[in-house]
There are 2 protein chains.
Amino acid sequence: MKIKSEIPECIKKCGVEYAFKRIGGKYKGRILWHLSLKTVLRYGELSRTLPDITTKMLTQTLRELEDDKLIIRKMYHEVPPKVEYSLSDTGLELIPFINYLHNWGQKQLENELLPNEH
Amino acid sequence: MKIKSEIPECIKKCGVEYAFKRIGGKYKGRILWHLSLKTVLRYGELSRTLPDITTKMLTQTLRELEDDKLIIRKMYHEVPPKVEYSLSDTGLELIPFINYLHNWGQKQLENELLPNEH
DNA sequence: CAGGATCCAAGTGGATACTG
DNA sequence: CAGTATCCACTTGGATCCTG
């Protein structure tokens with residue numbers, strides 16, 4: 001139980017920082033968002049859904065999300081290979097929040113488009 | 001009205017990406033969080049609340065939040081100077097989400113501390 | 001199909017010193 | 001008190017080519 005001596009300080013930094021490390025970055029939010037819409041997506045589907053992401057970044061981001069237990073990677077040992085990604089239970093807990101953020105973001109974008117109120 | 005031709009593509013990238021650009025980064029979440037707890041904070045108070053942030057980053061982050069209209073900067077022209085920061089209406093809209101994220105993050109941290117369930 | 005490897009550019013954050 | 005300014009290290013992300 002020696003771990004207990006090092007973590008409390010992390011907690012004082014508050015969950016907000018922790019959470020942002022988990023879902024921050026350029027693509028994590030969007031990947032979680034699309035997984036929440038489609039339930040299950042293959043690697044190639046994700047790649048087509050987010051055309052601006054390179055294979056390197058897509059792979060790297062998916063690995064991080066998997067290591068953080070936010071998504072589940074299911075490999076089918078077939079030829080050609082097939083890999084499916086879906087949200088874990090922990091990842092699912094983030095969806096209400098991602099939805100909220102999405103709506104907020106859309107609203108801001110629309111306000112930027114129609115700056116007629118000031 | 002020529003703007004209308006360039007933004008739709010931004011929207012298709014979905015609000016999630018936009019929102020993460022606005023509140024991503026190493027300190028924005030925590031600053032918003034603390035402003036939501038205290039309503040109003042001076043520069044020095046923020047600095048003491050987040051001891052790990054340098055003045056450069058604190059100033060820079062506050063400027064970005066202000067430019068994005070998420071916080072309000074109120075200067076008092078006194079000697080010594082006094083500056084107060086608070087959430088804007090738009091920034092306030094993010095608080096439910098920041099709270100949600102905070103709770104989620106705390107829970108994750110506690111689970112990491114007590115991995116007795118698997 | 002689903003990546004892995006490598007190299008490089010840009011961005012982000014830190015240390016330190018100084019100021020109205 | 002509330003910042004600026006400068007220089008530097010590290011991290012993140014992109015381009016390109018290759019593979020089981």
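Heavy-atom basis, side chains included; hydrogens, waters and symmetry copies ignored. Below, chain A is the first sequence line, B the second, and so on; all start at residue 1.
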Chemist: Within a reach of under 6.0 Å around NZ of B:Lys107, are more than 12 heavy atoms found that belong to other residues, nucleotides or ligands?
Modeler: no
Chemist: Would you kindly check if the NZ (Lys) or CZ (Arg) of B:Arg22 is within the cone defined by 45 degrees around the ring axis of B:Tyr18 and under 6.0 Å from the six-membered ring centre?
Modeler: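 Positive - B:Arg22 is close enough to the ring of B:Tyr18 and near enough to its axis.
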Chemist: Please state how far atom CD in B:Glu45 lies from atom P in D:dC1, giving the value in whole angstrom units.
Modeler: 11 Å
Chemist: Is B:Arg63 near enough to D:dA2 that one of its side-chain N or O atoms lies under 4.0 angstrom from OP1 or OP2?
Modeler: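 So the side chain of B:Arg63 is outside the cut-off, no N or O lying under 4.0 Å from OP1 or OP2 of D:dA2.
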Chemist: For A:Glu78 and C:dC1, what is the distance between atoms CD and C1' respectively, to the nearest whole Å?
Modeler: 11 Å
Chemist: Taking 4.0 Å as the cut-off, does a side-chain nitrogen or oxygen of B:Lys26 come that near to OP1 or OP2 on C:dG14?
Modeler: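 It does, given that an N or O in the side chain of B:Lys26 lies less than 4.0 Å from OP1 or OP2 of C:dG14.
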Chemist: Calculate the interatomic distance between B:His77 atom NE2 and C:dG20 atom C1'; express it in whole Å.
Modeler: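 The distance from NE2 of B:His77 to C1' of C:dG20 comes to 13 Å, rounded to the nearest Å.
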Chemist: From D:dG3, C:dG3, C:dG13, pick the nucleotide closest to the side chain of B:Met57?
Modeler: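 Of all the options, the side chain of B:Met57 is nearest to C:dG13.
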Chemist: Assign each of B:Gly44 and B:Lys56 to its nearest nucleotide of DNA chain D by heavy atoms, then name whichever residue's nucleotide is nearer the 5' end.
Modeler: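 Closer to the 5' end of DNA chain D: B:Gly44.
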Chemist: Just the rounded figure in Å: distance from C1' of C:dG13 to CD of A:Glu17.
Modeler: 13 Å
Chemist: In whole angstroms, how far is the P atom of D:dG3 from the CZ atom of B:Arg48?
Modeler: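 Interatomic distance, CZ of B:Arg48 to P of D:dG3: 13 Å.
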Chemist: How long is the line joining OH of B:Tyr43 and C1' of C:dG20, in whole Å?
Modeler: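 Going from OH in B:Tyr43 over to C1' in C:dG20 covers 15 Å.
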Chemist: Do any side-chain nitrogens or oxygens of B:Tyr85 fall under 4.0 Å of OP1 or OP2 in D:dG3?
Modeler: yes
Chemist: If only side-chain N and O atoms count, and only distance matters, is there a donor-acceptor pair under 3.5 Å linking B:Glu84 with B:Tyr76?
Modeler: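 The answer is yes; a qualifying pair exists.
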Chemist: Answer with base, sugar-phosphate or nothing: what part of the nucleic acid does B:Tyr27 contact at a heavy-atom distance below 4.0 Å?
Modeler: sugar-phosphate
Chemist: Between atom NZ in B:Lys74 and atom P in D:dA2, what is the gap in whole Å?
Modeler: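 Nearest whole value for this atom pair: 14 Å.
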Chemist: Looking only at side-chain atoms of B:Gln60, point me to the closest of D:dG14, C:dG4, C:dG13.
Modeler: C:dG13
Chemist: Could one point to a donor on the side chain of B:Thr55 or the base of D:dT4 with an acceptor on the other under 3.5 Å away?
Modeler: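 Between D:dT4 and B:Thr55, which were checked side chain against base, a qualifying N/O pair under 3.5 Å is present.
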Chemist: Linking I/L/V/M/F/W/Y whenever any side-chain heavy atoms sit under 4.5 Å apart, do B:Val83 and B:Val40 land together?
Modeler: no
Chemist: Could you tell me the separation between the CD1 atom of B:Ile53 and the P atom of C:dG13, rounded to a whole number of Å?
Modeler: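 It works out to 9 Å between those atoms.
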Chemist: Think B:Arg42 has a side-chain N or O under 4.0 angstrom from the OP1 or OP2 of D:dA2?
Modeler: yes
Chemist: Would A:Tyr27 and A:Ile72 show up in the same hydrophobic cluster when neighbours are defined by side-chain heavy atoms closer than 4.5 Å?
Modeler: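 Each belongs to a different hydrophobic cluster.
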